[in-house]
Enquirer: 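Encoded as structure tokens, here's the structure I'll be asking about.
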2 protein chains.
Amino acid sequence: MNYETYFQSNRDKHLNQLKEFLSIPSISALSEHKADVNRAAEWLATHLEEIGLEHVTIHQTKGHPIITADHLHAEGKPTILVYGHYDVQPVDPLNLWTTPPFEPDIRDGKLFARGATDDKGQLFLHVKAIEAILSQEKKLPVNIKLCIEGEEEISSASLPPFLEANRELLAADAILISDTSLLEPGKPAISTGLRGLCSLEVAVHTSNMDLHSGTYGGGVPNALHAIVSLLTTLHDEQGRIAVDGFYEGVPELSAMMREEFAKQGHNEQALTESLGLDTLYGEEGYSFVERTGARPTLELNGVYGGFQGEGTKTVIPKEAHAKITCRLVGNQDPQDILNKIRKHLNAHTQPGAKLTITDGEKARAFNMDPTDRVLQVAADAYGKVYGTRALFTKDGGSIPIVETFSRVLNAPVVMMGFGLPDENLHAPDEHLNLENFDKGLLTIVEFLQTV
Amino acid sequence: MNYETYFQSNRDKHLNQLKEFLSIPSISALSEHKADVNRAAEWLATHLEEIGLEHVTIHQTKGHPIITADHLHAEGKPTILVYGHYDVQPVDPLNLWTTPPFEPDIRDGKLFARGATDDKGQLFLHVKAIEAILSQEKKLPVNIKLCIEGEEEISSASLPPFLEANRELLAADAILISDTSLLEPGKPAISTGLRGLCSLEVAVHTSNMDLHSGTYGGGVPNALHAIVSLLTTLHDEQGRIAVDGFYEGVPELSAMMREEFAKQGHNEQALTESLGLDTLYGEEGYSFVERTGARPTLELNGVYGGFQGEGTKTVIPKEAHAKITCRLVGNQDPQDILNKIRKHLNAHTQPGAKLTITDGEKARAFNMDPTDRVLQVAADAYGKVYGTRALFTKDGGSIPIVETFSRVLNAPVVMMGFGLPDENLHAPDEHLNLENFDKGLLTIVEFLQTV
């Protein structure tokens, strides 16, 4: 049976297994879901054993468990380490989901669920591709290792020390990750760059209690006034980040790089329409793909304070909060950026506002050389299945652990994504297009057979 | 028995009755409390009948019920209409209450509960004062009417048409309201001015879904960036409101008015400390009592958008919201102010942000002539009970219905407050100092006997 026939005849079974995996609410950020995260790890470990992988181990950590497994019987052949994560993002606002996030539903050739594309769905492709080869050939064309974590959405705190402590267990010739996207349907891409990330939380406190705006209004500091005027200073009117020294270490875009970006033929008008935007918006002088692929950002992810209920409440809130993340590129150092933002915020605080700043995640940007042989083989594998060879692109997202993997294991990383940019990862109605489910399986099989 | 003895010997009974009233969560702003609001109205109506008031009637409205009652057997004597409200503010953030808001608790001579001072507690003083005179004298020294509503905290929508339609039923020589404060313990005040109010809600929408900051960050509008930069433009760096024409109709402070304000001997240092502030803050060139008594405001009461949970979420939110109220003075017209704010907001919106502005409450400022005879009698009544004659002040709060009462019934309004400025009205741990519970009862009896 060729693989196309094999996957078609097992399609319903595979999708039902994936739905089972997706129905476990393994939200790593929320402590009340700790048991669900464990349950997802156990589900996956059991499944890896069932398909014939060996040495399946659940490693407990200070955070959520890491799973390793292997199949090392292809003597003289390269060793490929597959990385993925079984944890998912929170799901609020829940009311914007068409169907519940943990009740997977297929509509219009798309599988809807939290984690469908990021990353349970993509991780699952590797499991099924390995199972397929094992079941068809009774052996694998390469040596396979798996290292699957449950903290990717909360900055992978446990994985770097785990990698350091298990260099031998995890040693490989290449690292294979599916946690990125095609450029658009039918247009595969291999990401050769990821933006770094740093995050912080800002709290403004004014009085020791919420105050009545009749009695005190106009005479005391208002935490919301203080925070909005503070947050506004972070950007200038041209959309540039106004923090002193923020752009140090950011490489200028060369003419060649601009040409590479232009090659993607990205349709800004179509994107604007599909997202329901009036207009795109960002740093002046750059296209959308340049802004998101090669330029750093500072984004407000959450701002809140005061009354949010129905109707009016004439309150002067005593505190207000903001959650901020930056995407980093080039040589920007996450801690240095956090220090600069802290200095900026302290210098721009209104009288009467007391500031608390808490540093969060820190990850450097990552870049791969697209002429590396495994990346070329991967691009060819896409070409065979999709009829279009993969382009080498830079991805705006951050997978902080990629840089660590590459550095600690001293191996190239192949980011072989099967998502699509509009699949609502981190948002309501996250989904995976089943066309890429089908083609992803075949692409991975092709890659493993030719690498 | 003199009234002091009478009230002392009935004190526990009265406080238990008030606790019963306070334990009904009659939050007018929240539709899920509709039944509780009705229950509070019924409790009060029953109680008014029990103390001997006549024609007790619950009038249904489009919103919450209005209660009227009377006792009209003092021929040739003036008629006093008592106004109050049995609805209360929302209670969030609930975790900041020392004891639950609807489980009244007495600590350190203070009664803690939502509504303890605003306004169930103050309203209750009138009921008990009337009951006391009736029980001691078997008659009242004046004709009494009551008009109690359940929509004061949501702008009294039903009351103005009710007043217009019932001018005869409610006709009176003076309107008596206890919904304001002493200046400080032992320092009574009669408010001769209230600020007006207008409110609005602002929503900013950008994309049709929340977006991942990796894929889209730096390339699309962020609703939170748009709203903070928009809200910041509402004030200038001197704390003045930057909306074109906002100060039209605001009277300049005359030297005489500044002298009146100075007479209050307000201790700004003590206030700063008691509120836990680093510093007071507001429009340059004015003292705290001038800012809150005679100057208009524009306050952010709530701002929210994006992720508010534990940890980090790298989301670009598709929408953000703000709730705004203004306190108005002099001849500022609420609708005119709302129009000016709308114009300002529309002119300062970032590219890519779609604005929705919803007008809310509208009330004009109100002013009384302190030389009016009933106000002089009221000041004397305080003097007799407190040992200090009440000062005539201006109050920063808004009781929108006061202006309507005075205009429709063509009668002076006596704002005889028994709260204190630090009793956390509209905030967690709202309370009423029982010293003013005791003295308030006696002051009202004294007023009714001498007016």
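Residue numbers start from 1 in every chain, and the chains themselves are labelled A, B, ... in the order their sequence lines are given, proteins ahead of strands. It should be emphasised that the depicted structure is a prediction, and the values quoted were computed from it without experimental measurement.
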Enquirer: Under a 4.5 Å cutoff for heavy-atom pairs, which residue among B:Asp278, B:Ile227, B:Val228 has the most contacts with chain A?
Expert: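 Greatest number of close heavy-atom pairs with chain A: B:Val228.
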
Enquirer: Regarding B:Gln238 and B:Glu284, do their side chains bring together a donor and an acceptor under 3.5 Å, going by distance alone?
Expert: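 Judged by distance alone, the side chains do not pair up.
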
Enquirer: Classify the angle between the aromatic ring planes of B:His321 and B:Tyr304 as parallel (below 30°), tilted (30 to 60°) or perpendicular (above 60°).
Expert: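 Parallel, since the angle between the ring planes stays under 30°.
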
Enquirer: Is B:Thr325 in contact with chain A via its backbone, its side chain, both, or neither, using a 4.5 Å heavy-atom distance?
Expert: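 Contact with chain A: side chain only.
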
Enquirer: For chain B, which candidate among A:Gly214, A:Gly352, A:Ser207 shows the most heavy-atom pairs at distances under 4.5 Å?
Expert: A:Gly214

Enquirer: In terms of side-chain heavy atoms, does B:Asn222 have a donor or acceptor partner in A:Glu299 at a distance below 3.5 Å?
Expert: yes

Enquirer: Quick check on the interface: out of A:Ile154, A:Thr180, A:Thr279, A:Val289, who has the most heavy-atom pairs with chain B under 4.5 Å?
Expert: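 Among the listed options, the one with the most contacts to chain B is A:Thr279.
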
Enquirer: For B:Leu197, which atoms come within 4.5 Å of any heavy atom of chain A: side chain, backbone, both, or neither?
Expert: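 Just its side chain gets close to chain A.
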
Enquirer: Quick one: of A:His426, A:Met209, A:Arg291, who has the most non-hydrogen atom pairs under 4.5 Å with chain B?
Expert: A:His426

Enquirer: For B:Glu268, is it the side chain, the backbone, both or neither that has a heavy atom under 4.5 Å from a heavy atom of chain A?
Expert: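 It is neither, since no heavy atom gets under 4.5 Å.
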
Enquirer: On the ring face of A:Tyr247, is A:Arg240 found with NZ or CZ under 6.0 Å from the centre and within 45° of the axis?
Expert: yes

Enquirer: I need the A:Thr215 OG1 to B:Glu423 CD distance, nearest 0.5 Å.
Expert: 10.5 Å

Enquirer: Which answer fits B:Glu361, side chain, backbone, both or neither, if we ask what part of it has an atom under 4.5 Å from a heavy atom of chain A?
Expert: side chain

Enquirer: Does A:Glu237 CD have over 12 foreign heavy atoms under 6.0 Å away?
Expert: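 12 or below, so no.
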
Enquirer: Examine whether an atom of B:Gln89 lies under 4.5 Å from a heavy atom of chain A, and if so say whether it belongs to the side chain, the backbone or both; otherwise answer neither.
Expert: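 Just the side chain, heavy atoms under 4.5 Å.
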
Enquirer: Do B:Cys198 and B:Leu328 have side-chain heavy atoms sitting under 4.5 Å apart?
Expert: yes

Enquirer: Of all of B:Asp429, B:Ile316, B:Thr233, B:Leu234, which one pairs up most often with chain A through heavy atoms under 4.5 Å apart?
Expert: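 When all of B:Asp429, B:Ile316, B:Thr233, B:Leu234 are compared, B:Ile316 has the most.
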
Enquirer: So for B:Phe288, is it side chain, backbone, both, or neither that comes closer than 4.5 Å to the heavy atoms of chain A?
Expert: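 Only the side chain of B:Phe288 comes within 4.5 Å of chain A.
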
Enquirer: What part of B:Gln350 lies closer than 4.5 angstrom to a heavy atom of chain A: side chain, backbone, both or neither?
Expert: side chain

Enquirer: Under 4.5 Å from any heavy atom of chain A, what part of B:Lys323 do you find: side chain, backbone, both or neither?
Expert: side chain

Enquirer: Would you call B:Glu152 and B:Asp119 a side-chain contact if the rule is heavy atoms closer than 4.5 Å?
Expert: no

Enquirer: Taking B:Pro221, B:Gly396, B:Gly311 one by one, which has the highest count of heavy-atom pairs under 4.5 Å against chain A?
Expert: B:Pro221

Enquirer: For the candidates A:Gly305, A:Ala427, A:Ser155, A:Ala322, which exhibits the highest count of non-hydrogen atom pairs separated by less than 4.5 Å from chain B?
Expert: A:Gly305

Enquirer: Heavy-atom pairs under 4.5 Å with chain B are the metric here; pick the option from A:Asp210, A:Leu275, A:Leu271 that has the most.
Expert: A:Leu275

Enquirer: Looking at B:Asn301, B:Asn424, B:Thr232, B:Thr314, which makes the most heavy-atom pairs under 4.5 Å with chain A?
Expert: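 Option with the top pair count is B:Asn301.
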
Enquirer: With a 4.5 Å cut-off on heavy-atom pairs, point out which of A:Leu231, A:Asp92, A:Ile241 contacts chain B the most.
Expert: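 Winner by heavy-atom pair count: A:Asp92.
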
Enquirer: Under 4.5 Å from any heavy atom of chain A, what part of B:Ser274 do you find: side chain, backbone, both or neither?
Expert: backbone

Enquirer: Among B:Leu277, B:Asp118, B:Leu230, single out the residue with the greatest number of heavy-atom pairs under 4.5 Å to chain A.
Expert: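 Counting heavy-atom pairs under 4.5 Å, the top option is B:Leu277.
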
Enquirer: Tell me if a side-chain donor or acceptor on A:Trp97 pairs with a main-chain N or O of A:Arg114 at a distance below 3.5 Å.
Expert: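 Answer holds: no.
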
Enquirer: For B:Ser199, is it the side chain, the backbone, both or neither that has a heavy atom under 4.5 Å from a heavy atom of chain A?
Expert: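 Contact with chain A is through the side chain of B:Ser199 alone.
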
Enquirer: Donor-acceptor pair, A:Asp87 side chain versus A:Glu153 backbone, under 3.5 Å?
Expert: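 Yes; at least one donor-acceptor contact below 3.5 Å.
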
Enquirer: Between B:Gly219, B:Gly276, B:Ser181, which has the largest tally of heavy atom pairs under 4.5 Å with chain A?
Expert: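 Max contact count across the listed options: B:Gly219.
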
Enquirer: If you measure from OG1 on B:Thr272 to CG on B:Leu280, what distance do you get to the nearest 0.5 Å?
Expert: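 Separation between the atoms: 3.5 Å.
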
Enquirer: Just by distance, do the side chain of B:Thr292 and the backbone of A:Gly217 share a donor-acceptor pair under 3.5 Å?
Expert: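 No; judged by distance alone, with no hydrogens or angles, the pair does not exist.
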
Enquirer: Within the side chain of A:Thr297, is there an N or O that forms a donor-acceptor pair under 3.5 Å with the backbone of A:Arg327?
Expert: yes

Enquirer: Of the backbone (N, CA, C, O) and the side chain (C-beta and beyond), which part of A:Pro317 lies under 4.5 Å from a heavy atom of chain B, both, or neither?
Expert: side chain

Enquirer: Using only atom types and a distance under 3.5 Å, with no angle test, would you say the side chain of A:Glu151 pairs donor to acceptor with the backbone of A:Ser28?
Expert: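 Checked: no pair found.
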
